[in-house]
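Data block below; observations after.
All of these numbers come straight from a predicted model, not from anything done at the bench.
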Amino acid sequence: MVLVVDDSPQIYENMAKALAVLTAWNESGDGDLSLVEQTTASYLDSHTDPEAKIREAIALISGLVSLGGRMLLQLAQSTQLSEDEILRIMGERIAYRT
């Protein structure tokens, strides 16, 4: 599978914000998402215009997806599982919990 990765400066900025959100999640523990919410809100609240807030939210989502995708690729390489296998395993774990 040939994968083309977006290496634009904008995606790296988005991934840096996403990493801050993920770091807040990691530091929270025990299911407490207040630090995640604060970190996310800090990016959104930096804009007063509602459309700018929406663009910022989309940028955060894009950053989270890009970061998650790159992490998936790294995990696949280090575990010798395919990306599809890892996603299937995660899907089964999520389905089991719901």
Side-chain angles (χ1 to χ4, degrees):
M1 176 167 110
V2 176
L3 181 68
V4 177
V5 178
D6 182 354
D7 278 334
S8 67
Q10 184 64 44
I11 200 65
Y12 279 96
E13 182 180 331
N14 295 345
M15 285 193 304
K17 293 174 184 177
L19 187 58
V21 172
L22 189 57
T23 299
W25 174 84
N26 191 53
E27 291 175 358
S28 296
D30 296 330
D32 177 15
L33 295 179
S34 58
L35 186 56
V36 171
E37 291 168 3
Q38 291 170 8
T39 304
T40 303
S42 71
Y43 290 117
L44 299 178
D45 292 344
S46 67
H47 302 281
T48 56
D49 176 46
E51 288 185 23
K53 284 182 189 263
I54 291 171
R55 286 191 301 274
E56 185 66 37
I58 292 169
L60 280 171
I61 293 166
S62 174
L64 285 164
V65 170
S66 295
L67 183 61
R70 289 169 193 238
M71 292 171 83
L72 175 64
L73 291 173
Q74 289 292 315
L75 182 59
Q77 289 176 352
S78 67
T79 62
Q80 298 181 351
L81 294 172
S82 73
E83 293 88 355
D84 288 339
E85 289 172 304
I86 294 169
L87 290 172
R88 183 188 52 75
I89 291 167
M90 293 304 298
E92 288 173 357
R93 290 181 181 173
I94 291 167
Y96 175 75
R97 296 225 180 229
T98 57

- In chain order, what residues pass the salt bridge (charged side-chain N to carboxylate O under 4.0 Å, His left out) check against Arg55, with sequence neighbours excluded? none

- Message: If the condition is side-chain hydrogen bond (donor to acceptor under 3.5 Å, both in side chains), which residues does Ser34 pass it with, not counting sequence neighbours?
- Response: Asp32

- Message: Please enumerate all residues that pass side chain to side chain contact (heavy atoms under 4.5 Å, CB included) together with Ala16, with sequence neighbours excluded.
- Response: none

- Hey, mind stepping through Thr23 and Glu27 against side-chain contact (heavy atoms from CB on, under 4.5 Å) and telling me if it holds? CA-CA 6 Å; Thr23 299; Glu27 291 175 358; 3.5 Å; yes

- Item | Under 3.5 Å donor-acceptor, Lys53 side chain and His47 backbone | yes

- Task: Could you tell me whether a side-chain N or O of Ser46 sits under 3.5 Å from a main-chain N or O of Tyr43, the two making a donor and an acceptor?
- Result: yes

- Query: Using links of under 4.5 Å between side-chain heavy atoms of ILVMFWY residues, direct or through other members, which residues join Ile54 in one cluster?
  - Reply: Ile58

- Message: Can you tell me how far apart CG (Leu35) and OG1 (Thr40) are? Round to the nearest 0.5 Å.
- Response: 9.0 Å

- Contacts of Gln10 that satisfy side-chain hydrogen bond (donor to acceptor under 3.5 Å, both in side chains) - sequence neighbours left out: Asn14

- Gap separating the CE atom of Met90 from the CG atom of Leu75, nearest 0.5 angstrom: 9.0 Å

- Task: Going by the side-chain contact (heavy atoms from CB on, under 4.5 Å) test, name the single residue among Ile11, Val21, Leu19 that passes it with Leu67.
- Result: Leu19

- Mind checking who shares a hydrophobic cluster with Ile61, ILVMFWY linked at side-chain heavy-atom distances under 4.5 Å? Val65

- Message: Tell me whether the count of non-hydrogen atoms from other residues, nucleotides or ligands lying under 6.0 Å of CD in Glu92 goes above 12.
- Response: yes

- Out of curiosity, Asp45 CG to Thr48 OG1, how far, rounded to the nearest 0.5 Å? 10.5 Å

